[in-house]
Amino acid sequence: MYKEVHKSLLDWYDKNGRHELPWRLTNDPYKVYVSEIMLQQTQVKTVLERFYFPFLERFPTLMDVATSELDDVLKKWEGLGYYTRAKNLHNAARQCGGILPNNVHDLMQLSGIGRSSAHAIAAFAYREPLPILDANVKRILHRYYALIKRDEKKLWEYAYALFDTNHPFEYNQAMMDVGATVCLAKNPLCTVCPFESWCAGKPSPLSYPESKPKTQKPVRHHAIIIHQRENRFALRQRRKRFLHALWGFDQQEPKPYGEFLGHITQHYSHFTLEADLYLSHERFEDEEFEWFEIDEIEKLSLSRADHKAVALLRYNHKKREEHTGDSKS
DNA sequence: GAAACGTGGTG
DNA sequence: TCACCAAGTTT
């Protein structure tokens, strides 16, 4: 049925596939696993250039993750976002005793591994003849079959329908690459697509699937307060889901709390933070908080917004030294 | 099943 | 400038 389609796809993959991706060259399931988690909702470029290699250098094996502290894992995840992934990775490593399961069922029992990641790990790391279904494949399927509605269950059926059981590994990799480089969300390059002759959505690729109703992100106003006591500053480790386990400064309702240091805007996945930053020398007692010298703060894992706060603190400090003529440090 | 969950790149 | 997107999972 799909013989010609599969041939077209494989030919395209041979010539145009991203054959140099490191997690595609390794035969270490752990490395494939790490790549799959890092790549969730994250661009290849970011993972490749800033996170994949440093993480593996610090944690060469899953056992290293299992025997390390969450704070250490988080430090290597700092800046990558969706920090629950790091928490889940750490938890999963301990769940399986540092030995990654080799089948979809057992993989899915681990924290942070859903059906999509389980199939990807099984297919890429263990060469299981299973179709994958990620955002790339979904976009291709929606267009190929001209599917308007988003339906997870049906998409899996189509994923199995189009799957090439004779070349499972190459097929899956090829689908990822077509989705990432040809069947693009905004500007699909249909003229060079291996599916061109059979794609039902080609006349109007942007129609599949139907776009979600656009909602504007709410803006939340806060004050970020840097409490200072001599040469130390107060930070606490977050306990809730948002930016879980990351350290940060005090955050309160928007009003003046001392010396104004600047304004911080940070766009999160579901809201925008607008915060004024203050330096306070008022007495501050809270068991949640610990006191750090400025250089010690850098050793903690901080969110982007809190890093901006540190930068403003340093900038302000430096500016003051210039004014007082004090040029030490 | 909808909403929560980060950050950087892009048009 | 800003909405949208990029290899999803959990609640």
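Every chain is numbered from 1 and lettered A, B, ... according to where its sequence line falls, protein lines coming before strand lines.
- Under the 4.0 Å criterion applied to side-chain N and carboxylate O atoms, A:E78 and A:K75 are assigned as salt-bridge partners.
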* Asked: Yes or no on salt bridge (charged side-chain N to carboxylate O under 4.0 Å, His left out) for A:K7 and A:D11, after CA distance, side-chain angles and deciding distance?
  -> CA-CA 6 Å; A:K7 181 177 186 338; A:D11 286 347; 2.8 Å; yes
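- As judged by a 4.0 angstrom heavy-atom cut-off over every strand, A:A185 is placed among residues touching the sugar-phosphate backbone only.
- Map A:R24 and A:G112 each onto its nearest nucleotide of DNA chain C; the residue landing nearer the 5' end is A:R24.
- A salt bridge between A:E196 and A:K202 is present, with a side-chain N of the basic residue lying under 4.0 Å from a carboxylate O of the acidic one.
- Contacts of A:R150 with the nucleic acid, taken as non-hydrogen atoms under 4.0 Å apart, are absent.
- Residue A:I113 is in sugar-phosphate contact alone, with no base atom involved, counting any heavy-atom pair closer than 4.0 Å across all strands shown.
- A:L21 comes within 4.0 angstrom of a base, heavy atoms only.
- Annotation: B:dG1 and C:dA6 have their P atoms spaced 23 Å apart (nearest Å).
- Ring pair A:F292/A:W247: centre-to-centre distance below 6.0 Å.
- Note on A:V44: a base of the nucleic acid sits closer than 4.0 angstrom, heavy atoms only.
- If you run ring-ring contact (aromatic ring centres under 6.0 Å, His included) between A:F195 and each of A:Y2, A:Y145, A:Y144, only A:Y144 comes through.
- Salt-bridge annotation for A:E210 and A:R150: absent, with no side-chain N of the basic residue lying under 4.0 Å from a carboxylate O of the acidic one.
- Using a 4.0 Å heavy-atom cutoff across all strands shown, A:W77 reaches no nucleic acid atom at all.
- Salt-bridge annotation for A:R314 and A:D295: present, with a side-chain N of the basic residue lying under 4.0 Å from a carboxylate O of the acidic one.
- On the P atoms, B:dC5 is 23 Å away from C:dA7, given to the nearest whole Å.
- Using cut-offs of 30° and 60° on the angle between ring planes, the pair A:F163 and A:Y160 is perpendicular.
- B:dG6 and C:dT1 have their P atoms separated by 25 Å, given to the nearest Å.
- A:S111 comes within contact range of the sugar-phosphate backbone alone, with a heavy-atom separation under 4.0 Å but no base atom that close.
- Read 5' to 3', the first and last nucleotides of DNA chain C with an atom closer than 4.0 Å to a heavy atom of chain A are C:dC4 to C:dT10.
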* Using a cut-off of 4.0 Å between protein heavy atoms and nucleotide atoms, how would you tag nucleotides 1-11 of chain B 5' to 3' with B, S and -? -> ---BBBBBS--
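- Ionic pairing of A:E288 and A:R239 is not present here: no N-O contact between side-chain nitrogen and carboxylate oxygen is shorter than 4.0 angstrom.
- Taking a 4.0 Å limit (strictly below) on heavy-atom distances, residues 8-17 of chain A does not reach DNA chain C anywhere.
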* To do: Could you go through the salt bridge (charged side-chain N to carboxylate O under 4.0 Å, His left out) check for A:E57 and A:K76 one step at a time?
  => CA-CA 10 Å; A:E57 189 164 330; A:K76 304 306 289 184; over 6 Å; no
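- Among A:H227, A:Q228, A:R229, the single residue meeting the side chain to side chain contact (heavy atoms under 4.5 Å, CB included) criterion with A:F284 is A:H227.
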